[in-house]
Amino acid sequence: MRINVLTIFPEMFASPLDHSIIGRARQRRLLEVRISDIRDFTTDRHRVVDDSPYGGGAGMVLKPDPLVAALEAIQAGAAQRAPVILMSPQGERLEHRRLAALAGEHEVSILCGHYEGIDERVVEQWVDLEVSIGDYVTTGGELPAMVLIDALARLLPGVVGKEESVVQDSFFSTIFDYPHYTRPQCFRGHEVPSVLLSGNHEAIRRWRRKQALKKTRQQRPELLAQAELTEEDVKLLAELDAEGA
Ligand code: 4GX
């Protein structure tokens, strides 16, 4: 998959996309990230990318001309036009379902806004989808874009190893993962739950499922309400109730 990024801070993308799973995916050509500096598409002497809003008011707005010139440069020579995504607090909240759909695209372009935002004519005429990473405000669209790229990349075939993809599956369904423990067996007086040392795989499986249900109900009861529960799940939840958990 190819991801084009349009930004006024291209340097911000260097480190986060160079390491770990995403860095490896890029080396292996499973993912290609192309960063465009919007400033390179200005035509004035001072390379100005922003201007004050018509109608007055605080802050600045990204000018439409360099933005659209950058989009056209990306689209030049492309077989089809890749969907254009704007990172914005006014966008649809990013969720797994949307990521799974986007993972099926050959190419997408991500626009990183700044200040009060971008000229609305660009949103109306050139943007296909507005995406928000949550109901809070970041200082720019770059970190939200990197969140989108990271979460999208791990859904591409071959990016996450086989072992991890099983864990990934547990996030597809709407119940949380179970808690994990590693050595030492006793850490600062806190023991690993004894069932995990028992060697009884059936007891371990059941305990993990119960803990996953407990955590989900505590943190996100609405996820549990949507989940498809098995007969065993219902039994485990009743046990948790009886324990007062
Ligand atoms: N999820 N921000 C973008 C500027 C802006 C405003 C309006 C376009 C339209 C954010 C988020 C986010 C702050 C990035 C405002 N750009 N982006 N920026 N939450 O808060 O994605």
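Every number for a ligand or one of its atoms is a count from 1 in the order of the listing. No hydrogens, no waters, no symmetry mates; every other heavy atom, side chains included, goes into these values. Because the structure is a prediction, the values reported are computed rather than measured.
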Task: Under 3.5 Å donor-acceptor, His180 side chain and Tyr178 backbone - done: yes
Task: Asp135 and ligand 1 - part of the residue with a heavy-atom distance under 4.0 Å - done: neither
Open item on the list: Gln90 versus ligand 1: do any nitrogen or oxygen atoms come within less than 3.5 Å of each other?
Closed with: no
TODO: Would you mind checking which non-hydrogen protein atom is closest to atom 2 (N) of ligand 1, with the distance to 0.1 Å?
DONE: Thr138 OG1, 3.2 Å
Open item on the list: Check this for me - ligand 1, Ile133, N or O atoms closer than 3.5 angstrom, yes or no?
Closed with: yes
Open item on the list: Just so I know, are the side chains of Leu156 and Leu30 near enough to count as touching, which here means a heavy-atom distance under 4.5 Å?
Closed with: no
- [ ] Considering the heavy atoms of Val137, write down every atom of ligand 1 situated less than 4.0 Å from one of them.
- [x] 13 (C), 20 (O)
TODO: Return the option from Gly59, Gly117, Gly91 holding the heavy atom at the smallest distance from atom 7 (C) of ligand 1.
DONE: Gly117
Task: Qualifying residue for salt bridge (Lys or Arg N to Asp or Glu O under 4.0 Å) with Glu232, from Arg208, Lys210, Arg209, Arg205 - done: Arg205
Open item on the list: Show me which atoms of ligand 1 lie under 4.0 Å from any heavy atom of Tyr115.
Closed with: 4 (C)
TODO: May I ask you to list the atoms of ligand 1 that are less than 4.0 angstrom from any heavy atom of Gly134?
DONE: 19 (N)
Open item on the list: Quick one: does any side-chain atom of Asp128 pair with a main-chain N or O of Val84 as donor and acceptor, under 3.5 Å?
Closed with: yes
- [ ] Find all atoms of ligand 1 within a distance of less than 4.0 Å from any non-hydrogen atom belonging to His114, and give their numbers and elements.
- [x] 4 (C)
TODO: Run the numbers for me: atoms of ligand 1, each under 4.0 Å from some heavy atom of Tyr136, listed by number.
DONE: 19 (N), 20 (O)
Open item on the list: Tell me whether ligand 1 is touched by Val131 - counting only heavy atoms on the residue side and a distance under 4.0 Å.
Closed with: yes
Task: Nearest neighbour in protein (non-hydrogen) for atom 9 (C) of ligand 1 - done: Ser88 OG, 3.5 Å
TODO: Answer with yes or no whether Glu130 contacts ligand 1, where contact means a heavy atom under 4.0 Å from a ligand atom.
DONE: no
Task: Backbone or side-chain N or O of Gly141 under 3.5 Å from ligand 1 N or O - done: no
- [ ] Let me see the working for Ile149 and Val5 under side chain to side chain contact (heavy atoms under 4.5 Å, CB included), right down to the final yes or no.
- [x] CA-CA 10 Å; Ile149 294 166; Val5 178; 3.8 Å; yes
Task: Asp18 and Arg26, any side-chain heavy atoms less than 4.5 Å apart - done: yes
- [ ] Search all heavy atoms of Ala245 against all heavy atoms of Lys214 and return the closest pair with its distance.
- [x] CB-CE, 4.0 Å
Task: Numbered atoms of ligand 1 (with element) below 4.0 Å of Glu116, judged on heavy atoms - done: 6 (C), 7 (C)
Open item on the list: Please state which option from Gly113, Cys112, Gly140, Ser132 has its nearest heavy atom closest to atom 14 (C) of ligand 1.
Closed with: Gly140
Task: Heavy-atom check, side chain of Leu223 versus side chain of Ile175, under 4.5 Å - done: no
Task: atom 15 (C) of ligand 1 - nearest protein heavy atom and its distance - done: Pro89 CD, 3.8 Å
TODO: Please report the closest heavy-atom contact between Thr42 and Val48, naming both atoms and the distance.
DONE: CG2-O, 3.2 Å
Open item on the list: Determine whether a donor-acceptor pair (N or O, by modelled atom type, separation under 3.5 Å) exists between the side chain of Arg154 and the backbone of Val160.
Closed with: no
Task: Check: Ser20 side chain, Ile22 main-chain N or O, donor-acceptor pair, under 3.5 Å - done: no
